[in-house]
Engineer: 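Encoded as structure tokens, here's the structure I'll be asking about.
A, B, ... follow the sequence lines: proteins, then strands. Residue 1 opens every chain.
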Amino acid sequence: MREKRTKIKHVLSNEPLGESLTVMGWVRTKRASKSVAFIALNDGSSINNLQVVADAEKFGEELLRKITTGASISATGKLVESQGAGQTCELVAEQIEVFGEADPDKYPLQPKKHSLEFLREIAHLRPRTNTFSAVMRVRHALAFAVHQFFNEKEFFYINTPIITASDAEGAGETFHVTNFDLANVPKNDEGGVDYKQDFFEKEANLTVSGQLEGELAAMALSDIYTFGPTFRAENSNTTRHLAEFWMIEPEMAFYDLKDNMDLAEEMLKYLVKYALDNCADDLAFLEKRAADEDKNKPQNERAEMTLTERLRFVLENDFERVSYTEAIEILRNSKPNKKKKFSYVIEGWGADLQSEHERFLVEKHFKKPVILFDYPKDIKAFYMRQNDDEKTVGAMDILFPGIGEIVGGSQREERMDKLSQRMEEMDIPAEEMEWYLDTRRFGAVPHSGFGLGFERMILFVTGMGNIRDVIPFPRTPGNCEF
RNA sequence: UCCUCAGUAGCUCAGUUGGUUAGAGCAUCUGACUGUUAAUCAGAGGGUCGUUGGUUCGAGUCCAACCUGAGGAGCCA
């Protein structure tokens, strides 16, 4: 029988000096001299390692040889005050068991800095690095905080389908779901694909948003949220797009656009605060990592604030709320616009904002998170509520420095006539969406909701630069390994 | 998908205007060292220079195509 193990996090925080205990984990490095070996052991419970001291004579060359970077061991011994600098306590091993060796000639992780690009190629091993274990712990904390936030607000967590049949949501290219033998796809009389013979007897795809189903639930439970995977078959190759990502989509009955913005801002701040309160060690590590990386950049590209300063700044300041119309005026009168520094010069009202414009507003003009609202209806989705000016809809996007759009939402059009008119104008096939339209036919109420890109949030909180490094196994065009 | 840049040892990189046997640091291995902190010191092994084709007496270096990666744009969360 093995002794019960203690997680290293608790060993380091409680420091039960003099007690005998067992720890288990993976070896980060081993430093050996003739008489004694020092093993830096990490079990993922914390960014910090526990130093295990192994007497060379006691354990012998054969055992110590197996203890290499990446090997997994169990060590039992007494926790004592450390004789060396660098740690306050250490475990003097009386017993060591090697669970699994890691051939040093083949194990790709070394006790040195690796590039994020290299680690992406070994995504199955990268959680064993400081950076990725820290990111994953923060990711967990944020996911937990999402549920806690909504639970405190008496929202209900609902699960919307991952496989859907309607392609009418207009949120981008979809992945098809089929049971067909692709080498021999059944055809109908017109020569098209005969979906009647497929598993669902109709065309099906992976969801691009849980919003429409979320609205159905909100029309009964008042306040709901979804938190699930989302799929977009867009050929996007950027630091902030994934083909498979996680999205949080609250939907609230009786909320207007302002209520919606209030909730989104409160939620983002709650998540940031939760991370600051609960992930201090990991954030300190990530802050240092980001600062080191910054040193390699030219002066003008370096961050003005450290990671935690940035998080506190978001927490302590109101987001700037500006209407699309005001934003266009600001942009039109801005220096880069007048000097034609923008690739897309703002001529007038109605233009879609390019990311250079969003960056200008967030990073140069306001220097804080910005909520843009009341967009022209022609550049937004069919379900957004039409304003009385007949030009704009009650949409809102939250823009974060360095990330861009982190939240996109709107007040939904609850008036049947307005909605069906808009659907017709935008060629949305109503016959596929009767179930959705029923919410407008029966007991329609004003309601609102938004979508928060979970990985984009993690990007902001961890200070990482590429969305592929904040999800364990990223799916992007041409990449579906692991 | 478009634009730009990159691909040299396990990793991170250097390699002059094309010119003999392609280098460094780290990692690995061997040895030294009574407590180290990405330990230190000494030595060793390790390369079809992304792929294919071309120019040339001669290509890591020049040209073309392709592959892979990164950054930016678009799409968006």
Engineer: In whole angstrom, what separates A:F460's CZ from B:A77's P?
Structural biologist: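 Computing the A:F460:CZ to B:A77:P distance gives 19 Å.
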Engineer: CD of A:E234 versus P of B:C75: gap in Å, rounded?
Structural biologist: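 Atom-to-atom, A:E234 to B:C75, this comes out as 10 Å.
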Engineer: Could you tabulate the donor-acceptor pairs under 3.5 Å formed by side-chain atoms of residues 139-148 of chain A, not counting sequence neighbours?
Structural biologist:
{"unit_1": "A:R139", "atom_1": "NH1", "unit_2": "A:E455", "atom_2": "OE2", "d": "3.1"}
{"unit_1": "A:R139", "atom_1": "NH1", "unit_2": "A:V470", "atom_2": "O", "d": "2.9"}
{"unit_1": "A:R139", "atom_1": "NH2", "unit_2": "A:E455", "atom_2": "OE2", "d": "2.9"}
{"unit_1": "A:H147", "atom_1": "ND1", "unit_2": "A:Y225", "atom_2": "OH", "d": "2.6"}
{"unit_1": "A:Q148", "atom_1": "NE2", "unit_2": "A:Y270", "atom_2": "OH", "d": "2.9"}

Engineer: Mind checking A:G84 for me? I need base, sugar-phosphate or nothing, with any heavy atom below 4.0 Å counting as a touch.
Structural biologist: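 Base contact - A:G84 has a heavy atom under 4.0 Å of at least one base atom.
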Engineer: Taking atom P in both B:U21 and B:C49, compute the distance separating them and give it to the nearest angstrom.
Structural biologist: 14 Å
Engineer: Please measure how far the P atom in B:A38 lies from the corresponding atom in B:A27, and state the result in whole Å.
Structural biologist: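 Result for the P pair: 11 Å, nearest Å.
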Engineer: Name all residues meeting the side chain to side chain contact (heavy atoms under 4.5 Å, CB included) criterion together with A:P376; count only those two or more places apart in sequence or in a different chain, and write none if there are none.
Structural biologist: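 In terms of side chain to side chain contact (heavy atoms under 4.5 Å, CB included), with neighbours along the sequence ignored, A:P376 is linked to A:Y324, A:W349, A:I379.
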Engineer: Please determine, for the side chain of A:K34, which listed nucleotide (B:C75, B:U34, B:A77) has the closest atom?
Structural biologist: B:U34
Engineer: For nucleotides 66-72 of chain B, read 5' to 3', which letter fits each nucleotide if B means a protein heavy atom sits under 4.0 Å from the base, S means only the sugar-phosphate is that close, and - means neither?
Structural biologist: ---SSSS
Engineer: Taking CH2 from A:W246 and C1' from B:A77, how many angstroms apart are they, rounded to a whole number?
Structural biologist: 15 Å
Engineer: I'd like the C1' distance from B:G18 over to B:A32, given in whole Å.
Structural biologist: 46 Å
Engineer: Quick one: A:K113 NZ to B:U12 P, roughly how many Å, whole number?
Structural biologist: 14 Å
Engineer: Taking for each residue the nucleotide of RNA chain B with the nearest heavy atom, is it A:I406 or A:E90 whose nucleotide lies nearer the 5' end?
Structural biologist: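 Taking each residue's closest nucleotide, the earlier one in sequence belongs to A:E90.
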Engineer: Looking at A:A327 and A:L372, what are the two nearest heavy atoms and their distance?
Structural biologist: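 Heavy atoms of A:A327 and A:L372 come nearest at CB-CD2, 3.7 Å.
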Engineer: Heavy atoms under 4.0 Å, any strand shown: does A:L242 hit a base, just sugar-phosphate, or nothing?
Structural biologist: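 The answer is base, as A:L242 lies within the cut-off (heavy atoms under 4.0 Å) of a base atom.
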Engineer: Can you tell me which residue pairs pass the side chain to side chain donor-acceptor pair (under 3.5 Å) test with a partner in residues 470-482 of chain A, sequence neighbours excluded?
Structural biologist: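 Non-adjacent pairs meeting side chain to side chain donor-acceptor pair (under 3.5 Å): A:T476-A:N479.
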Engineer: Using side-chain hydrogen bond (donor to acceptor under 3.5 Å, both in side chains) as the criterion, list what pairs up with A:S410, not counting sequence neighbours.
Structural biologist: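 Only A:R412 meet the side-chain hydrogen bond (donor to acceptor under 3.5 Å, both in side chains) criterion with A:S410.
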Engineer: Just distance, no hydrogens or angles: give the donor-acceptor pairs under 3.5 Å from side chains in residues 76-85 of chain A, sequence neighbours left out.
Structural biologist:
{"unit_1": "A:T76", "atom_1": "OG1", "unit_2": "A:T22", "atom_2": "OG1", "d": "2.8"}
{"unit_1": "A:S82", "atom_1": "OG", "unit_2": "A:G84", "atom_2": "N", "d": "3.2"}
{"unit_1": "A:S82", "atom_1": "OG", "unit_2": "A:G84", "atom_2": "O", "d": "3.2"}
{"unit_1": "A:S82", "atom_1": "OG", "unit_2": "A:Q87", "atom_2": "NE2", "d": "3.0"}
{"unit_1": "A:S82", "atom_1": "OG", "unit_2": "A:E90", "atom_2": "OE1", "d": "2.9"}

Engineer: Please determine whether a side-chain nitrogen or oxygen atom of A:S33 lies at a distance below 4.0 Å from atom OP1 or OP2 of B:G35.
Structural biologist: yes
Engineer: Tell me if the side-chain of A:S236 makes a donor-acceptor pair with the base of B:C76, cut-off 3.5 Å, by modelled atom types.
Structural biologist: no
Engineer: Can you name the residues that form a side-chain hydrogen bond (donor to acceptor under 3.5 Å, both in side chains) with A:N260, not counting sequence neighbours?
Structural biologist: none
Engineer: Within the modelled atom types, does a donor on one side and an acceptor on the other bring the side chain of A:H114 and the base of B:C11 under 3.5 Å apart?
Structural biologist: no
Engineer: Please step through side-chain contact (heavy atoms from CB on, under 4.5 Å) for the pair A:Y255 and A:D262, ending with a clear verdict.
Structural biologist: CA-CA 10 Å; A:Y255 268 52; A:D262 290 345; over 6 Å; no
Engineer: When only distance counts, do a donor and an acceptor, one from the side chain of A:E57 and one from the base of B:U34, lie under 3.5 Å apart?
Structural biologist: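 By the distance-only test, no, there is no pair.
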Engineer: Could you grab the distance from atom CD of A:E266 to atom CE of A:M261, nearest 0.5 Å is fine?
Structural biologist: 14.5 Å
Engineer: Considering residues at least two apart in sequence or located in another chain, which fulfil the side-chain hydrogen bond (donor to acceptor under 3.5 Å, both in side chains) criterion with A:Y436?
Structural biologist: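 Testing A:Y436 for side-chain hydrogen bond (donor to acceptor under 3.5 Å, both in side chains), a comparison that skips the adjacent residues, returns A:E215, A:R440.
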Engineer: For the residue pair A:F150 and A:F155, does the interplanar ring angle fall in the parallel (under 30°), tilted (30 to 60°) or perpendicular (over 60°) class?
Structural biologist: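 The rings of A:F150 and A:F155 sit tilted, inter-plane angle from 30° to 60°.
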Engineer: Need to verify one output field. Residue with the more 5' nearest nucleotide on RNA chain B, A:E356 or A:F118?
Structural biologist: A:F118
Engineer: So A:Q354, base contact, sugar-phosphate only, or nothing? Heavy-atom distance under 4.0 Å.
Structural biologist: sugar-phosphate
Engineer: Using the C1' atom as the reference point in each nucleotide, state the distance between B:G58 and B:G54 in Å, no decimals.
Structural biologist: 15 Å
Engineer: Have a look at A:A32 and say if it touches a base, only the backbone sugar-phosphate, or nothing, with a 4.0 Å heavy-atom cut-off.
Structural biologist: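 A:A32: base contact, heavy atoms under 4.0 Å.
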Engineer: Taking the C1' atom in each of B:G23 and B:G15, what is the distance between them to the nearest angstrom?
Structural biologist: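 Straight-line distance between the two C1' atoms is 7 Å.
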Engineer: Please give the distance between the C1' atoms of B:U1 and B:A59 as a whole number of Å.
Structural biologist: 34 Å
Engineer: Using OP1 and OP2 only, check whether a side-chain N or O of A:S115 sits under 4.0 Å from B:U12.
Structural biologist: yes
Engineer: Please, which pairs that meet ring-ring contact (aromatic ring centres under 6.0 Å, His included) have at least one residue in residues 23-74 of chain A, sequence neighbours excluded?
Structural biologist: none
Engineer: Provide the distance between the two C1' atoms, one in B:U8 and one in B:C13, to the nearest whole Å.
Structural biologist: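 Their C1' atoms lie roughly 9 Å apart.
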Engineer: Which nucleotide, B:C75, B:A77, B:G35, lies nearest any side-chain atom of A:E405?
Structural biologist: B:A77
Engineer: Write down the distance separating the P atoms in B:G60 and B:U48, rounded off to the nearest Å.
Structural biologist: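 Straight-line distance between the two P atoms is 13 Å.
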Engineer: Measure the distance from CG on A:L268 to C1' on B:A77 and round it to the nearest whole Å.
Structural biologist: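 Roughly 12 Å, once rounded to whole Å.
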Engineer: Atom NZ of A:K30 and atom P of B:A38: how far apart are they, to the nearest Å?
Structural biologist: 17 Å
Engineer: Do A:S448 and A:D256 have side-chain atoms, one donor and one acceptor, less than 3.5 Å apart?
Structural biologist: no
Engineer: What would the secondary structure line of RNA chain B be in dot-bracket form, counting Watson-Crick and G-U wobble pairs under 3.5 Å, with [ ] for pairs that cross earlier ones and | for pairs with another strand?
Structural biologist: (((((((..((((.....[...)))).(((((.......))))).....(((((..]....))))))))))))....
Engineer: For nucleotides 24-29 of chain B, give me every protein contact, N/O to N/O, under 3.5 Å, one pair per line with atom names.
Structural biologist:
{"unit_1": "B:G25", "atom_1": "N2", "unit_2": "A:K112", "atom_2": "NZ", "d": "3.3"}
{"unit_1": "B:U28", "atom_1": "O2'", "unit_2": "A:D105", "atom_2": "OD1", "d": "2.4"}

Engineer: Is A:F245 touching bases, backbone alone, or none of the nucleic acid, heavy atoms closer than 4.0 Å?
Structural biologist: base
Engineer: Provide, to the nearest angstrom, the distance between the OH atom belonging to A:Y375 and the P atom belonging to B:C76.
Structural biologist: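 Rounded to the whole Å, the gap is 11 Å.
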Engineer: Residues two or more places apart in sequence or in another chain: which of them pass side-chain hydrogen bond (donor to acceptor under 3.5 Å, both in side chains) with A:K377?
Structural biologist: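 Listed in chain order: nothing, the list is empty.
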Engineer: Contact class for A:A56 (heavy atom, under 4.0 Å): base, sugar-phosphate, or nothing?
Structural biologist: nothing
Engineer: I need the CD1-P distance between A:I248 and B:A77, as an integer number of Å.
Structural biologist: 14 Å
Engineer: Tell me the closest heavy-atom pair linking A:E203 and A:H176, and the distance in Å.
Structural biologist: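 Closest approach of A:E203 to A:H176, heavy atoms only: OE2-CE1, 3.6 Å.
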Engineer: Looking at every strand, decide which applies to A:K106 at a 4.0 Å heavy-atom threshold: base, sugar-phosphate, or nothing.
Structural biologist: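 No contact.
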